[in-house]
Amino acid sequence: MKCKTARGLVSEYVSRILSAEQKQSVEAHLRECSACEKLHADMRQAVRALQLLPTDQPAAGFWNRLSARLPASPKRRWAWVPLQSPRLRLQVALPALVAAATAMAVMFPKTPERSVRHVQSSKQALYVLQCVEQHATYGGDRLLGQEAIPVESGNGASSF
Amino acid sequence: MVADAIRGLATMTDVDAALVERCQQNDFDAFAELVQRYQTRIYNFVCKMTNSPADAEDMAQDVFVRVYKSIHRFRGESTFQTWLYRIAHNICVDRSRRAQRQVPVAYSLDAPTEEDGGEHPRDLPDRSGSPEQIAERTELQQRVWRCLGQMSERLRVVIVLYDIQGLSYEEIAKTLSCPIGTVKSRLFNARAELGRRLQSYVEAR
């Protein structure tokens, strides 16, 4: 094995993740090459020294201090978090729009009765306009013509 | 090695995935459980990256606050652990940029740290051996801390994630968004640099 190959494997050798064959090759090279053996010794010492470092623990009450920093009423806030995404917002808004349109259609159906009422309202409005016109041309104490007053028909629709 | 043991445990992604799913259904207890599972590792990671136990708690909390705010956007394209470390790393980089012009401070391992007005003794688990051995070990630990602090951030993050946090090459590559080959070469350089610095310390004694 050449030094270049050995140097490429020495870190894995220290990590003990080489195959048995690679391990034997590296060990054979390290026995012969003092420069690579020096590199190996340095790396091994570095890894061992890192293992000596203590595992720092957060002080007791970490969760209490953390939860105090979280936004108030997290569940309520979280319930609205999906709406921050445009795609999800569309996924929520579209069904809501369809539901609202359906509700409107159920509550205010376009029925024939409604059309008759609409016609009736138009005729009444026309009558009011005629009254206003007559009032504008009123020449004395003459009463309004009876023919202008709408008469209720039997089916509920008015006629002039 | 401890890191190897952690590397085995790091595959416990099913539990994380279930907890994340519960979090996304607004289960606050699941979030508390996620914090419980990772608080020590994230705190430890931040501590090693910043060399500043005084700031580590705030920064670790920043990590979890960011997770809390954005967990609904987590799509599971990587493991939760990878995502978490990516956030932690970003927060460390942000802090490092902000503090670039400040003089780095070296901390003594056994010096008490101030936590919320009180003193919090640093955890030094292995106190076995003679007083001379303990003193020697403590001195070496301080040296390692100092060497880590002097290392570039690009090398330090890889050596901390691999040799201390126990992540695999693949997980580190995903965390840092770089190829596995880059992770390997950075780990090689980081170990070689740390080894050289420690060797000069040993020879100087």
>> Holding to ring pair (Phe, Tyr, Trp, His ring centres under 6.0 Å), I want the full list of residues that pass it with B/Phe188, two or more places apart in sequence or in another chain.
In response: none
> Any donor-acceptor pair under 3.5 Å linking the side chain of A/Gln22 with the backbone of A/Ser19?
Replying inline: yes
> chain A heavy atoms under 4.5 Å from B/Val35: which part of the residue, side chain, backbone, both or neither?
Replying inline: side chain
>> Heavy-atom cut-off 4.5 Å, strictly under: side chain, backbone, both or neither for A/Leu66 against chain B?
In response: both
> Any idea which of A/Ala41, A/Gly61, A/Ser67, A/Ala46 has the most non-hydrogen atom pairs under 4.5 angstrom with chain B?
Replying inline: A/Ala46
>> Applying side-chain contact (heavy atoms from CB on, under 4.5 Å), can you list everything that pairs with B/Arg154, at least two apart in sequence or on another chain?
In response: B/Ser152, B/Arg186
> Measuring heavy-atom distances to chain A, does B/Ala190 have an atom under 4.5 Å in its side chain, in its backbone, in both, or in neither?
Replying inline: neither
> Between A/Ser15 and A/Ser11, is there a donor-acceptor pair closer than 3.5 Å when you use the side chain of the first and the backbone of the second?
Replying inline: yes
> For B/Leu148, is it the side chain, the backbone, both or neither that has a heavy atom under 4.5 Å from a heavy atom of chain A?
Replying inline: side chain
> What part of A/Arg7 gets closer than 4.5 Å to chain B, counting heavy atoms only: side chain, backbone, both or neither?
Replying inline: both
> Relative to each other, are the rings of B/Phe28 and B/Tyr68 parallel, tilted or perpendicular (30° and 60° limits)?
Replying inline: perpendicular
